Amino acid sequence: MTLNGKQILLIVSGGIAAYKAAVLVRRLKEAGASVVPVLTKGGAQFITPLTLSALAENPVYEDLFSLKDEAEMGHIRLAREADLILVAPISADLIGKMANGLADDLASTTVLAADGPVAIAPSMNPVMWANPATQANVATLMQRGVHVWGPADGDMACGEMGTGRFEEPEDLVARAEAFFAPKPLAGKTALVTSGPTHEPLDPVRVMANRSSGQQGQAIARALSAAGADVTLITGPVSLPEPFGVRTVRVETADEMLAATQRALPADIAVFAAAVADWKPKTTASEKLKKTANEAEMSVSFTKNPDILATIASAENRPALVVGFAAETENVVENARAKLSRKRADWILANNVSQGAVFGEDSNTVTLVSAKGTEPWPKLTKDQVAARLVQRVAETLT
Ligand code: C5P
C-alpha cells in the first residue's frame, strides 16, 4: 500500500461532486492513508459529516469557532500534522479564497496556516472553470506550488459537457501515490527551452511566432515533479513562471542560445522552443518610418543559430537531448532526418497539418529515436510531459 503511514487532511467543499468524497475516503484508506476530513458549510449540503466520519474512522472537523473542535485539534495543528492537504472537491469559491488569502472558516484558515504540500481537485460547471477569474486564481495557486489535480473533461451533473468534472477518486489516489513516490530524477539537472523568440526589427517591432510556451512549461514542471533541478529558458510568453523551476527569460534566439550554454552542464535537455530560424540582418536603432512614396519595403534576414544542434554537438553535451519537430507532411521521415542532422537522441514529432497546436491544450506526438518510432495517442500537454519524463527516467536511471 503506497500511502502507508501518510496522513491526509481531506477538505471537502461545496459542489455536487462532494458525494464522491465518500468513495475518495475509502480509496485513500485502502491505499494505506489515514484520513482526517474537514467539511465546509457548502460541502455539508451535499454529504453528511456522519458519512465522512464513519468512512474515515476519524472525527470530521467543521467549525472554526467550535470549542470542541478547537480543543480537540486546533486549525493550526490540523494544517501542520498532515503529510498532504487535499481539497477535493474544491469549489470556485474556495479557489478564490485561497488565491486571495482569505480565511473566514475552518477550511480556508487551515490551508492558509499550512506549511506543507497542498493539492486541489476542482469541480465546477465548465463555464465557471473557464472563467478568467477562476483561471487567474488557479494560475496564482499553481505559481505558489499548489498541485492542481484535474478537472477532467466529460459530462457534468449540471447537464453540460466540458472541462470541470471532478477527477475520479481512483485517479486522485493515483496522483497522491505519485506525489509520495520516490523522485526518479532526483540529483539530475535539466534544461528546457520554451516559447517563441522575438527578433527585433527596430526598437518597437519584432518578428515573432504564435508559440504559447505551454508544452515547454508542462515539461519543465513534470521534470521538476520527478525531482530534477530544472532551468527553464523561455522566450516571451504570457504564462506565469512555474513553481520550483529556475526561469530565465530571453527575447531572441541569440539570447536563448547564450542562456542555454550558461545552463550547462545538464543531464537532460529538452528543446521545446519555437526558435525563429531567421532574424533581421540589422536592427534599426530608431523606429523605421514609412515614407509617402514607397509602397513596399523589404527586410533582409540572416540565419539564427540552431540551439538544439549547437548544444547536441557541444563538448559538454547533456546525456539526453530531446527536440521537437512540427511537421505538416512525412512527419516521421522528417523527424528522423532531423534526429541525425541535429544529433538529438529523441525527437517528439507532431503533425501540425490538421490545424493549430499553438495555444491548444492537447498535442498528438510521435517519439522518434534510434530505437524506433512510438506514436502516442492524443494527450493533454501535461500528459505528453508526464510520458516524456517517464521515458527520461527509464532511460537515465
Ligand atoms: O528545424 P526545426 O525548427 O524543425 O527543429 C525543431 C527543433 O529544433 C525544436 O526542438 C527546436 O526547439 C529546435 N530549434 C532550436 N534552434 C533553432 C531552431 C530549432 O533549438 N534555431
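Starting from 1, each residue takes its place in the sequence as its number. This is a predicted model, so every value here is computed, not measured. Note that ligands are numbered from 1 as they come in the structure, with each ligand's atoms numbered from 1 the same way.
- Panel note: side chain Asn316, backbone Pro265; no donor-acceptor pair is recorded below 3.5 Å.
- Considering backbone and side-chain N/O of Arg341, none are found under 3.5 Å from N/O of ligand 1.
- Of all the atoms in ligand 1, the ones that sit under 4.0 Å from a non-hydrogen atom of Ala273 are 11 (C), 12 (O).
- In this structure a side-chain-to-backbone donor-acceptor pair under 3.5 Å is missing from Ser91 to Ser13.
- When hydrogens are left out, the protein atom nearest atom 17 (C) of ligand 1 is Val275 CB, 3.4 Å; that is the closest non-hydrogen contact.
- Annotation: cation-pi geometry not satisfied between Arg391 and Trp346 (NZ/CZ under 6.0 angstrom from ring centroid, within 45° of ring axis).
- Counting heavy atoms closer than 4.0 Å to ligand 1, residue Asp306 contributes atoms from both its backbone and its side chain.
- Using a 4.0 Å cutoff on heavy atoms, Ala253 does not count as a contact of ligand 1.
- Atom 16 (N) of ligand 1 has its closest protein heavy atom at Ile307 N, 3.0 Å.
- The closest protein non-hydrogen atom to atom 20 (O) of ligand 1 is Leu308 N, 2.8 Å.
- Side chain of Glu327 to main chain of Val332: no donor-acceptor pair is present (N/O by atom type, distance under 3.5 Å, no hydrogens or angles).
- Salt-bridge annotation for Glu333 and Arg336: absent, with no side-chain N of the basic residue lying under 4.0 Å from a carboxylate O of the acidic one.
- Ligand 1 is approached by Lys342 to a heavy-atom distance shorter than 4.0 Å.
- Side-chain N or O atoms of Thr163 include none that pairs as donor or acceptor with a backbone N or O of Ala152 at under 3.5 Å.
- At least one N/O-N/O distance between Phe271 and ligand 1 falls below 3.5 Å.
- In this structure, Glu168 pairs ionically with Arg165, as a charged nitrogen and a carboxylate oxygen lie closer than 4.0 Å.
- In this structure, atom 4 (O) of ligand 1 lies nearest to the protein heavy atom Lys338 NZ, 2.5 Å.
- Counting atoms of ligand 1 from 1 in the listed order, those under 4.0 Å from a heavy atom of Gly323 are 10 (O).
- We find that Asp345 and Arg317 are joined by a salt bridge, their nearest charged nitrogen and carboxylate oxygen being less than 4.0 Å apart.
- Remark: ligand 1 atoms within the under-4.0 Å shell around heavy atoms of Pro305 are 16 (N), 17 (C), 21 (N).
- Classification of Asp105 and Lys41 as a salt-bridged pair fails, no side-chain N sitting under 4.0 Å from a carboxylate O.
- Among protein heavy atoms, atom 7 (C) of ligand 1 sits closest to Phe324 O, 2.9 Å.
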